[in-house]
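Here is the naming used below: chain letters follow the sequence lines, and residue numbers restart at 1 for every chain. Here the structure is a predicted model, which is why all the values come from computation and not from measurement.
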Amino acid sequence: MARILITSALPYINGIKHLGNLVGSQLPADLYARYMRQRGHEVMFICATDEHGTPAELAAAKTGEDVAEYCARMHDVQAELAEGFRLSFDHYGRSSSARNHALTQHFAGKLAENGLIEEVSEKQVYSHADGRFLPDRYIEGTCPNCGYDKARGDQCENCTKQLDPTDLINPRSAISGSTDLEVRETKHLYLRQSLLKDEIDRWIDSQTDWPILTTSIARKWLHDGDGLQDRGITRDLKWGVPVKKGDADWPGMEGKVFYVWFDAPIEYIAATAEWADANGKSDADWERWWRTDKGGNDVRYVQFMGKDNVPFHTLSFPATIMGSREPWKLVDYIKSFNYLNYDGGQFSTSQGRGVFMDQALEILPADYWRWWLLSHAPENSDSEFTWENFQASVNKDLADVLGNFVSRVTKFCRSKFGEAVPAGGTFGPAEEALIADLTPRIRAYEAHMEAMEIRKAAGELRAIWVAGNEYLQSAAPWSAFKTDPETAAAQIRLALNLIRLYAVLSRPFIPDAAASMLAAMQTRDDSWPDDVPAALAALPSGHAFTVPDVLFRKITDEEREGWQEKFAGARV
RNA sequence: GGGCCUGUAGCUCAAUUGGUUAGAGCAGAGCGCUCAUAACGCUUUGGUUGGGGGUUCGAGUCCCUCCGGGCCUACCA
């Protein structure tokens, strides 16, 4: 038994996430966590809402709420949706927690002690009307290069030229439109990542089995131009972790907070402490996951995220950990994902284009989405959601191949033998062949799950379901029953046991359907099929079962067309 | 501009890292079965691996070039 620490990239607080966000981090992390638990490993699966930063403040202002209230409310909304998708977090924390405040300040203090923090005076644009400093991209104006009048302060979207906010002609606040702007001197802390470049570089080089997507993004940032650049880790905002050096004040940094990307990854650790607090555990209970001097050396730490998050997880967070010179756990494996597109374009939170988590659950149960998203996870390149593909995949895989298998077996048994596993008969060559086929398939499925090859795992699982239908066709218990009911009984006994086996194997992908299948088989035996022949004898003769309701109803053409239309444009 | 990823059957994707005749699923066609959610099974059509050139006994895989798609480029997170 191993100990596995799993974190999913933290969803930002600012609104409900779409399916692209879901499939890029939380959902595959859940698949892995569920699988590892089922294999008997000790799992700590952590997620949290990422609550700081300018967009959170602006979103709160828009609804008229205090930012703390807004975040508390949206945290609950996201937690409920996570529950709806059956994301099995051990703890769903908040980056605004007291634990994270303390830990973030602690790390900053250690980094300062180790000479890795630099105070830098710089000029930033202040908006009088908004009462705040503006990040570069919140300043709009006319591009000096191409004349585009909605150029942002960091870059012109029209001609792609990199800009400085002071380059803009007629600059204005993107928040209020105010032109009452002023360039002010302000002091910020920089994390001197450049001093850790070689250390990080060697660490990345030693990760030979990471996805190319992960290492290539890390190397780009390490080697591009002048190499890894120092990074500002404070902001002039009100909402966030106040800048402190451990417990002590930080002279000259009053009224400033840490940059959200400094405190967000630290929340992985802090959320584990929140877990301990919430469950009456001690510090030692969470430290054994995170401190290599307190038991964490045995832990395998795996992170899941979309490709946009990779730089922060391969560079800045490791720089924080390494630079502390304290024995914190570094990540062992980073599983990163490309983007899921929506019907020929991108999912867009701002334009309301695509399907969002709340809408998805209003339409269909979580298992439908889990199966499609995971079996089409954008592992090697961006992938695309279309309603046609969704309908076809879900109807075929879930309704026809798996659901109908359960249905045909249980209904046949009920009508011929009654609602209990029939006795009599013996296994012949067809049964031996099925078992011989299933064993290597299950081993392959396990290997794909271990390797986080999600599409391949889904494909193998589906093939395992298909094997059941192939077996039924060749055994044809409906024919055998007419001349040799004993043989038919043995065949159906095996088929009923297949349902239990499928429930166990399928649970990481479709937990609700798996639970329904186990409930219908009236068994709590959900042990993993290390021994396949034994697993197929788990339900003995005479064991009562029930015929379940249709596991997966089909998506009709009318529904599909309606959804296509409904989700094409802006969100209502 | 620079960098990275990507292009394989109508669609979605594989191909043990350079090895024999490029494979699956879906869709299409044909046959079979009748237990089942008109479900299932079997067979089958379909590819100049984006174009061109090169290295090699051998290239989907490596190199060059052109074309297309996507992402990143450090103050959104």
Side-chain angles (χ1 to χ4, degrees), chain A residues 9-14 50-56 58 122 124-125 133-139 152-155 160-162 164-165 174 188 193 212-213 215-217 219-221 223-225 228-232 235 259-261 264 306-312 315-316 338-339 341 346 349-350 375-376 378-384 386 388-389 392-393 395-416 455-456 458-459 462-463 466 468-481 488 491-492 495 547 549-554:
Chain A
L10 308 187
Y12 196 64
I13 195 69
N14 155 28
D50 176 14
E51 305 192 358
H52 298 136
T54 310
L58 297 179
E122 54 191 18
Q124 281 225 310
V125 174
F133 282 93
L134 299 176
D136 290 356
R137 67 172 51 201
Y138 282 101
I139 302 160
R152 292 188 323 211
D154 57 341
Q155 185 174 34
T160 74
K161 187 178 171 60
Q162 307 259 350
D164 194 82
H188 281 295
Q193 301 182 133
I212 293 170
L213 184 64
T215 50
S216 66
I217 291 172
R219 290 207 171 90
K220 155 76 173 164
W221 283 57
H223 301 143
D224 192 41
L228 188 59
Q229 301 297 297
D230 294 342
R231 188 166 189 120
R235 292 291 182 273
Y259 174 43
V260 54
W261 261 115
K307 58 184 167 188
D308 50 333
N309 279 340
V310 168
F312 303 100
L315 307 167
S316 7
N338 287 283
Y339 290 145
N341 290 320
Q346 292 191 350
T349 304
S350 56
S375 62
H376 293 80
E379 289 175 297
N380 296 319
S381 61
D382 291 353
S383 64
E384 177 158 316
T386 64
E388 288 86 354
N389 188 301
S393 297
N395 284 355
K396 194 70 190 172
D397 299 347
L398 296 181
D400 294 346
V401 175
L402 177 63
N404 183 56
F405 176 80
V406 173
S407 185
R408 66 194 296 205
V409 169
T410 52
K411 286 180 178 172
F412 178 80
C413 187
R414 180 174 63 184
S415 76
K416 305 300 184 198
R455 282 176 184 249
K456 288 180 183 173
R462 186 189 190 281
V466 167
N469 284 310
E470 289 171 355
Y471 165 72
L472 277 188
Q473 185 64 34
S474 65
W478 49 88
S479 298
F481 183 77
Q491 292 165 343
I492 284 299
V547 175
D549 293 336
V550 165
L551 280 181
F552 296 100
R553 70 169 185 83
K554 293 211 200 187

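Anti is the glycosidic conformation of rU44(B), whose angle departs from 0 by more than 90°.
Closest to the Q229(A) side chain, of the nucleotides rA74(B), rA36(B), rC13(B), is rA74(B). Minimum atom distance to the side chain of R408(A) is reached by rA36(B), of the listed rG70(B), rA36(B), rU34(B). For P135(A), the listed nucleotide lying nearest its side chain is rC75(B); candidates were rC75(B), rC35(B), rU37(B). Nearest to the side chain of D136(A), among rC40(B), rU37(B), rC75(B), sits rC75(B). Nearest nucleotide to the N469(A) side chain, out of rU37(B), rC13(B), rC40(B): rC40(B). Checking rA77(B), rC35(B), rG41(B) against every side-chain atom of F312(A), the shortest atom distance belongs to rA77(B). Checking rC72(B), rC40(B), rU12(B) against the side-chain heavy atoms of N404(A) singles out rC40(B) as nearest. Listed nucleotides rC72(B), rU12(B), rA77(B) differ in distance to N389(A); the shortest reach to its side chain belongs to rU12(B). The side chain of P55(A) lies closest to rA77(B), out of rU34(B), rA77(B), rC40(B). Side-chain proximity of L228(A) to the nucleotides rC33(B), rU37(B), rA74(B) is greatest for rA74(B).
Mapping A399(A) and S216(A) onto RNA chain B via the closest heavy atom, the residue that lands nearer the 5' end is S216(A). Along RNA chain B, the nucleotide nearest H52(A) and the nucleotide nearest S479(A) are compared for position; the residue whose nucleotide lies closer to the 5' end is S479(A).
The aromatic ring of F412(A) does not stack onto the base of rC35(B), failing the criterion of a centre distance under 5.5 Å from the six-membered base ring together with planes under 30° apart.
Base pairing of rC40(B) is made with rG32(B), judged by Watson-Crick or G-U wobble geometry with both donor-acceptor distances under 3.5 Å. Searching all strands for a Watson-Crick or G-U wobble partner of rU16(B) with both distances below 3.5 Å returns nothing. Pair check for rG7(B) finds rC67(B); Watson-Crick or G-U wobble, both atom distances under 3.5 Å. Shown here, rA74(B) forms no base pair; nothing in the strands shown gives a Watson-Crick or G-U wobble contact with both key distances under 3.5 Å.
Across the protein-nucleic acid pair, K456(A) atom NZ and rG25(B) atom P stand 17 Å apart, rounded to whole Å. Taking atom CD of residue E470(A) and atom P of nucleotide rC35(B), one finds them 20 Å apart after rounding to whole Å. In this structure, W261(A) atom CH2 and rA74(B) atom C1' are separated by 13 Å, rounded to whole Å. Between R414(A) atom CZ and rC35(B) atom P there is a gap of 14 Å when expressed in whole angstrom units. Taking atom CG on N338(A) and atom C1' on rU6(B), their separation rounds to 9 Å, with Å as the unit. For L402(A) and rU37(B), the CG to P distance is 15 Å, given to the nearest whole Å. The CH2 atom of W221(A) sits 4 Å away from the C1' atom of rA74(B) (whole-angstrom rounding).
Contact between the side-chain N/O atoms of R462(A) and the OP1/OP2 oxygens of rC26(B) is found at a separation under 4.0 Å. Side-chain nitrogen and oxygen atoms of K396(A) include at least one within less than 4.0 Å of the OP1 or OP2 phosphate oxygen of rC40(B). Between rU37(B) and K411(A), a contact under 4.0 Å exists linking OP1 or OP2 to a side-chain N or O. Checking the phosphate oxygens (OP1, OP2) of rC40(B), no side-chain nitrogen or oxygen of Y471(A) falls inside 4.0 Å. Neither OP1 nor OP2 of rA74(B) sits under 4.0 Å from any side-chain N or O of R231(A). For Y339(A), no side-chain nitrogen or oxygen approaches OP1 or OP2 of rC5(B) to under 4.0 Å.
Residue-level contact check: F405(A) touches neither bases nor backbone, having no heavy atom under 4.0 Å from any strand. Heavy atoms of E51(A) sit nowhere under 4.0 angstrom from any nucleic acid atom. Residue contacts for G403(A): at a heavy-atom cut-off of 4.0 Å it reaches a base atom on one of the strands shown. Among the heavy atoms of the strands, none lies under 4.0 Å from I217(A). Counting non-hydrogen atoms under 4.0 angstrom, S383(A) reaches the backbone sugars and phosphates but no base. Note on R219(A): nothing from the nucleic acid sits closer than 4.0 angstrom, heavy atoms only. Heavy atoms of H376(A) sit under 4.0 angstrom from primed sugar atoms or phosphate atoms, though from no base atom. At the heavy-atom level, V406(A) lies nowhere under 4.0 Å from the strands shown. Within the nucleic acid shown, V260(A) comes within 4.0 Å of sugar-phosphate atoms alone, with no base atom in reach, counting heavy atoms only.
T410(A) contributes a side-chain N or O that, together with a main-chain N or O of V406(A), makes up a donor-acceptor pair within less than 3.5 Å. Between the side chain of Y12(A) and the main chain of H52(A), a donor-acceptor pair closer than 3.5 Å is present. Judged by distance alone, the side chain of N469(A) and the main-chain N or O of V401(A) form a donor-acceptor pair under 3.5 Å.
Side-chain atoms of Q124(A) come within donor-acceptor range of the base of rC75(B), with a qualifying N/O pair under 3.5 Å. Side chain E122(A) to base rC75(B): a donor-acceptor pair is found below 3.5 Å.
rG47(B) and rC42(B) are spaced 24 Å apart, taking the P atom of each and rounding to whole Å. Comparing the C1' positions of rG46(B) and rU34(B) gives a spacing of 31 Å, expressed to the nearest Å. If you take atom P in rC66(B) and the same atom in rG3(B), they sit 13 Å apart, rounded to whole Å.
For the residue pair S393(A) and D397(A), no side-chain donor N or O sits within less than 3.5 Å of a side-chain acceptor on the partner.
Note: W478(A) and F412(A) have perpendicular aromatic rings, judged against thresholds of 30 and 60 degrees for the angle between ring planes.
Atoms OG1 and CG, from T215(A) and L213(A) in turn, are 8.0 Å apart once rounded to the nearest 0.5 Å.
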